[in-house]
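Starting from 1, each residue takes its place in the sequence as its number. All figures in this text were calculated on a predicted structure; none of them were measured in a lab.
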Amino acid sequence: MLSTPHRPGSAIGTGPAEPSRDGGEADEARGRTRRRGWLIAGFALCSALLMALHDRIPNRVGQLGSLVETFLPWAGLSVPVLLVLALVRRSRIAAVAVIAPAVVWGSLFHGVVADKSSGGGDLIVVTHNVDEANPDPEGTARALARSGAHVIALEELSSSSTPVYERELAAAYPYHSVHLGVGLWSTYPLRRTEPVPIMPWTRAVRATVDTPRGPVAVFAAHLASVRVTPLGFATARRNEAGRKLAEAVRAERLPRVVVMGDFNGTTGDPALGALTSPLRSAHSEAGAGFGLTWPASFPLVRIDQILVRGVSPAAAWSLPATGSDHLPVAASLRL
């Protein structure tokens with residue numbers, strides 16, 4: 001009986017051919033890539049939802065809503081990170097999904113980057129947390145005196161630095177009033193200057209500034225600090241101080257009001273809504289960019305604010321860094 005010689009590469013018998021090992025590994029690799037693409041897409045959609053629903057995040061646990069609002073602008077960093085991952089994985093699904101957080105971030109902040117300042121202004125105000133540990137209060141005072149401000153609010157004054165600021169600012173600002181760690185300096189007369197009881201010790205003051213265009217009520221405040229914990233923010237003392245300051249501002253009878261200082265929170269922080277919502281942010285209306293103020297070496301958040309009622313912001317800006325860990329902020333106001 002004749003037999004057919006076996007040729008290399010031909011199948012013997014009628015059973016199914018065994019899949020090649022190389023093909024199986026390739027299919028498995030493609031499956032892993034697809035799964036990773038879907039994972040990246042999931043992260044992109046979660047980032048988009050977090051930004052879209054940021055104002056609905058509750059503060060019941062760890063002041064989570066406050067934490068998200070404080071760092072919300074930085075959520076946009078998820079877009080380039082996820083896009084790079086999508087390109088590395090060559091995943092079309094992931095690349096398309098990254099469009100969602102990009103669109104949401106753009107809708108939230110497209111108006112922030114534009115310069116909204118205009119000409120004019122009758123009153124220039126500056127607020128600065130000068131930092132108790134500031135190694136150069138003389139230089140800080142001189143820089144503030146060169147700012148051209150009519151009214152300066154300083155927070156975190158110490159018993160040793162207060163005389164330095166009084167001496168260095170005396171020539172340009174003949175009127176001033178200091179209450180423990182908070183002080184006001186003015187080129188215009190001050191009257192009815194008094195502490196505002198927002199905490200057991202003085203952290204806020206109120207004064208009437210007699211400008212050439214009439215009186216303006218000015219509040220300078222330093223709300224309590226916050227702590228970042230693994231569970232979110234610890235802000236109870238700050239929130240209570242903010243509510244008490246809001247009560248004092250609501251009770252103010254003068255129609256033109258300026259509230260400024262270190263709030264240790266953003267204007268979007270829901271826990272500070274009683275204070276910030278009835279007022280207008282000078283930076284939001286007349287500034288450019290995010291105006292981040294702390295820490296001065298690499299600003300991450302804007303916690304130093306100038307808020308107004310009954311006046312119109314014409315411009316708002318940050319001043320150069322001093323010896324403090326905060327940047328000073330300024331605004332020009334139309335009375």
Side-chain angles (χ1 to χ4, degrees), residues 123-211 216-226 237-238 241-242 244-245 248-249 258-265 293-297 303-307 318-331:
L123 181 70
I124 298 175
V125 297
V126 165
T127 181
H128 190 24
N129 180 325
V130 293
D131 186 5
E132 285 185 345
N134 189 329
D136 185 22
E138 292 91 348
T140 299
R142 291 168 188 162
L144 294 171
R146 292 192 298 268
S147 68
H150 300 107
V151 179
I152 297 176
L154 300 185
E155 304 86 46
E156 213 166 292
L157 295 166
S158 67
S159 57
S160 60
S161 67
T162 297
V164 176
Y165 290 104
E166 290 176 328
R167 181 180 68 248
E168 296 296 332
L169 295 174
Y173 298 90
Y175 309 98
H176 84 280
S177 179
V178 176
H179 296 261
L180 292 181
V182 183
L184 284 170
W185 276 259
S186 176
T187 59
Y188 302 131
L190 298 175
R191 58 185 173 87
R192 286 192 57 207
T193 304
E194 56 194 6
V196 181
I198 64 171
M199 294 179 65
W201 54 95
T202 301
R203 294 282 288 253
V205 298
R206 182 262 179 221
T208 297
V209 180
D210 285 323
T211 78
V216 178
V218 174
F219 291 80
H222 184 190
L223 302 189
S225 300
V226 303
R237 284 173 42 186
R238 185 208 63 176
K244 290 182 177 180
L245 181 59
V249 173
V258 178
V259 184
M260 53 183 172
D262 176 5
F263 288 6
N264 278 308
T293 63
W294 183 88
S297 57
I303 58 177
D304 301 273
Q305 313 292 349
I306 298 175
L307 309 178
S318 297
L319 297 174
T322 67
S324 171
D325 58 342
H326 290 243
L327 293 179
V329 295

With the side chain counted from C-beta on, respond yes when [X] and [Y] share a heavy-atom pair under 4.5 Å apart, and no when they do not.
| X | Y | value |
| --- | --- | --- |
| Leu184 | His179 | no |
| Phe219 | Leu307 | no |
| Tyr165 | Glu138 | no |
| Asp262 | His326 | yes |
| Leu327 | Leu319 | no |

Ignoring hydrogens and geometry, is there a side-chain-to-backbone donor-acceptor pair from [X] to [Y] under 3.5 Å?
| X | Y | answer |
| --- | --- | --- |
| Glu168 | Arg142 | no |
| Ser318 | Val329 | no |
| Thr162 | Ser159 | no |
| Ser158 | Ser161 | yes |
| Arg238 | Leu223 | no |

Residues that Asn134 engages under side chain to side chain donor-acceptor pair (under 3.5 Å), provided they are two or more places apart:
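With neighbours one apart ignored, the set is Thr140.
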Let me see the working for Ser324 and Thr322 under side chain to side chain donor-acceptor pair (under 3.5 Å), right down to the final yes or no.
CA-CA 5 Å; Ser324 171; Thr322 67; 4.8 Å; no
Spacing of OG belonging to Ser225 relative to CG belonging to Asn264, to within rounding of 0.5 Å:
4.5 Å
Rounded to the nearest 0.5 Å, how far does CD1 of Ile303 lie from CH2 of Trp294?
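Spacing of CH2 (Trp294) from CD1 (Ile303) equals 6.0 Å.
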For the student: nearest non-hydrogen atoms of Tyr175 and Thr187, plus distance
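Looks like CE1-O, 3.5 Å.
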Please determine whether side-chain contact (heavy atoms from CB on, under 4.5 Å) holds for the pair Met260 and Val125, giving the CA-CA distance in whole Å, both sets of side-chain angles, and the decisive distance to 0.1 Å.
CA-CA 9 Å; Met260 53 183 172; Val125 297; 3.9 Å; yes
Kindly list each side-chain donor-acceptor pair under 3.5 angstrom involving residues 143-155, sequence neighbours excluded, with atom names and distances?
| from | atom 1 | to | atom 2 | distance (Å) |
| --- | --- | --- | --- | --- |
| Ser147 | OG | Leu144 | O | 2.6 |
| Ser147 | OG | Ala149 | N | 3.3 |
| His150 | ND1 | Ile124 | N | 2.9 |
| Glu155 | OE1 | Thr127 | OG1 | 3.3 |
| Glu155 | OE1 | Asn129 | N | 3.3 |
| Glu155 | OE2 | Thr127 | OG1 | 2.9 |

